[in-house]
Number of protein chains: 2
Amino acid sequence: MATKTELRRQELRDKLIVIAERTIAQNGLSALRARDLAKEAGCAVGAIYNVFGDLTDLTLAVNARTFHRLGADVAEALANAPEDPVEQLIVMAQAYHHFAAQNHQSWRALFDVERAPGEAAPDWYLQEMGRLFRYISDPLAVVFPNRPADELALLTRALFSSVHGIVLLGLDEASAGVSTENIDRMIALVLRQFAANPK
Amino acid sequence: MATKTELRRQELRDKLIVIAERTIAQNGLSALRARDLAKEAGCAVGAIYNVFGDLTDLTLAVNARTFHRLGADVAEALANAPEDPVEQLIVMAQAYHHFAAQNHQSWRALFDVERAPGEAAPDWYLQEMGRLFRYISDPLAVVFPNRPADELALLTRALFSSVHGIVLLGLDEASAGVSTENIDRMIALVLRQFAANPK
DNA sequence: ATCTAAGATTGAACTGCGTTCATTGAGGTA
DNA sequence: TACCTCAATGAACGCAGTTCAATCTTAGAT
């Protein structure tokens, strides 16, 4: 069917994503403006809405890429990690931290995008989240071989959330004294202490 | 000097805080609108700006109250907690969770308010934060009597951040299966495991 | 190749927001 | 009472996201 039209449509879609990605990375989600976007893409403002439902949809497309890059970074860290499961957890958590620090604005956009209340998270989000959770639950199962499955699932989620919290508040107050090294130290302290006495 | 004027000024200030507090609690920070506020307070929109610099200032005034209530709840939980320091940590963390759950929108507003980049957090925030940190570091020092002070400080911050992360992501996905009980379980699991093998 | 209907493209206009400011009105003082 | 100062007012401004009637392009049928 529509070859020429669909092609342009796809081209515009990609172009908008690239521009939005750069804008968010450089100046944050709040710097994403429809008129600027259209000017830079060389199209009319209305054209954006032929390709995306609204700017939130565009942001979600950017977030999908960001999340995927994040997952890849964590996977790479895991691939180069030592055998010891606790060290694997630490290496992955610090990879998460470093990604957040080096892609601060893009990483923030992952959570700052407003979802309609009650609406489920998009599929790619759940998928990528599942990937991250498996990276965590595998070493965790080695550390805690005698824990029931449901408890391991809770621990997995809890550990992810803990690391996320440490990174979130640490980077928030990055100007107020929590250095990168201290965030890494906090992560290692918590995870080592956490796994020090498995049952 | 200005008795009548200053009085009205203070009255309007208080009235606006009360209305904003209720609006945020019921419908979230994004529901706070200058025109609605003025209509409900029976004043002109401009009057708001005689009393607060902008809506962010008003939000900060509401947040100061919210944070104070939060601190009081945690303090009360600690006062009624058993002697055991680990149990104290758990009780406080769960009090934090319950406050966040029961004051979800107000609690979110604590973190969703936009601060100018590079600007320091307000004084009451640092003060209240210090109070919370002391509640944590005291029992922590009992659990880990041999750790150096700087490490205890990092652990304190790390534990707070961890609990915050668990509550944040847990409540975020409250519709997606993380029940209140599971959040409490995650908090207890992490803290118990964390303090299981002090050095 | 031509025609035509479907739909893509356009940008001015609409809506809703925070904030400002010239004007109006009230309060305290001489 | 007269006057000056400053608070109060709400229309207007600037700036967003989004819409839509008008225009143009395209793809398929003839």
Side-chain angles (χ1 to χ4, degrees), chain A residues 1-17 19-24 26-63 105 108-109 112-117 119, chain B residues 1-17 19-21 23-24 26-63 105 109 112-117 119:
Chain A
M1 305 293 179
T3 45
K4 200 88 160 271
T5 297
E6 285 246 330
L7 199 82
R8 247 197 326 203
R9 205 183 152 80
Q10 191 59 45
E11 259 175 37
L12 180 59
R13 216 187 128 83
D14 292 348
K15 196 191 290 187
L16 287 173
I17 290 177
I19 295 172
E21 197 167 24
R22 213 201 48 234
T23 304
I24 291 173
Q26 286 181 352
N27 299 107
L29 184 54
S30 64
L32 198 68
R33 270 175 284 269
R35 283 169 183 79
D36 293 351
L37 217 46
K39 184 180 288 185
E40 205 169 340
C43 70
V45 282
I48 297 171
Y49 294 87
N50 289 334
V51 171
F52 292 101
D54 54 23
L55 289 192
T56 297
D57 282 357
L58 172 55
T59 302
L60 287 176
V62 172
N63 281 352
Q105 304 273 36
R108 289 218 57 129
D112 285 352
V113 64
E114 50 184 309
R115 292 166 293 162
E119 190 172 357
Chain B
M1 306 304 169
T3 45
K4 200 91 163 264
T5 296
E6 285 246 330
L7 199 82
R8 249 195 326 206
R9 204 184 154 80
Q10 191 59 44
E11 260 176 35
L12 180 59
R13 213 187 131 83
D14 292 349
K15 197 192 286 188
L16 286 174
I17 290 177
I19 295 172
E21 197 165 25
T23 303
I24 291 174
Q26 287 180 351
N27 299 107
L29 185 54
S30 64
L32 198 67
R33 270 175 285 268
R35 284 167 182 78
D36 294 352
L37 215 48
K39 183 181 289 185
E40 205 169 340
C43 69
V45 281
I48 297 171
Y49 295 87
N50 289 334
V51 172
F52 292 101
D54 54 24
L55 289 193
T56 297
D57 281 358
L58 173 54
T59 303
L60 287 176
V62 172
N63 281 353
Q105 304 272 38
D112 286 352
V113 64
E114 49 185 308
R115 291 165 296 160
E119 190 173 358

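Just so we're on the same page: letters track the sequence lines, and every chain starts at 1. Fair warning: this is a prediction, and the values are worked out from it, not measured in the lab. The basis for the numbers below is simple: all heavy atoms, side chains too, and nothing from hydrogens, waters or symmetry mates.
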Checklist entry - Rounded to whole angstrom units, what separation is found between the CD atom of E114(A) and the C1' atom of dG17(D)? => result 11 Å

Item to check | Separation of dG14(D) P from D54(B) CG (nearest whole Å) | outcome: 20 Å

Item to check | Result of checking I19(A), N27(A), L37(A), V62(A) against L32(A) for side chain to side chain contact (heavy atoms under 4.5 Å, CB included) | outcome: L37(A)

Checklist entry - Which part of the nucleic acid, if any, lies within contact of R33(B), taking any heavy atom under 4.0 Å across all strands shown: a base, the sugar-phosphate backbone alone, or nothing? => result sugar-phosphate

Checklist entry - Taking atom C1' of dA16(D) as reference, at what distance in whole Å does atom CG of L32(A) sit? => result 12 Å

Checklist outcome for this item: Here the distance between atom P of dG18(C) and atom CG of L55(B), to the nearest Å, is 5 Å

Checklist entry - Can you tell me if the side-chain N/O atoms of N50(B) get under 4.0 Å from OP1 or OP2 in dA8(D)? => result yes

Item to check | Spacing of L58(B) atom CG relative to dT19(C) atom P, expressed in whole Å | outcome: 10 Å

Next on the checklist: If you compare every side-chain N and O of R8(A) against the phosphate oxygens of dT9(C) (OP1, OP2), does one of them come in below 4.0 Å?
Outcome noted: yes

Next on the checklist: Distance check needed: dT25(D) C1' versus L7(A) CG, whole Å only.
Outcome noted: 15 Å

Checklist outcome for this item: For L29(A) and I24(A), the nearest pair of non-hydrogen atoms, with its separation, is CD1-CD1, 3.9 Å

Checklist entry - Which part of the nucleic acid, if any, lies within contact of L37(B), taking any heavy atom under 4.0 Å across all strands shown: a base, the sugar-phosphate backbone alone, or nothing? => result nothing

Checklist outcome for this item: Judged by nearest nucleotide, the residue sitting upstream toward the 5' end of DNA chain C, A47(A) or G53(B), is A47(A)

Checklist entry - Salt bridge or not for E40(A) and R35(A), using N-O below 4.0 Å? => result no

Checklist entry - In whole angstrom, what separates Y49(A)'s OH from dG11(C)'s P? => result 15 Å

Checklist entry - Rounding to a whole Å, what distance do you find between R35(B):CZ and dT15(C):P? => result 14 Å

Next on the checklist: Out of the candidates Q10(B), R9(B), E11(B), only one should pair with R13(B) under the side chain to side chain contact (heavy atoms under 4.5 Å, CB included) rule; please name it.
Outcome noted: Q10(B)

Item to check | Of the listed nucleotides dC13(D), dT18(D), dT10(C), the one nearest the side chain of A34(A) | outcome: dT18(D)

Checklist entry - Are there more than 12 heavy atoms of other residues, nucleotides or ligands under 6.0 Å from atom CD of E114(A)? => result no

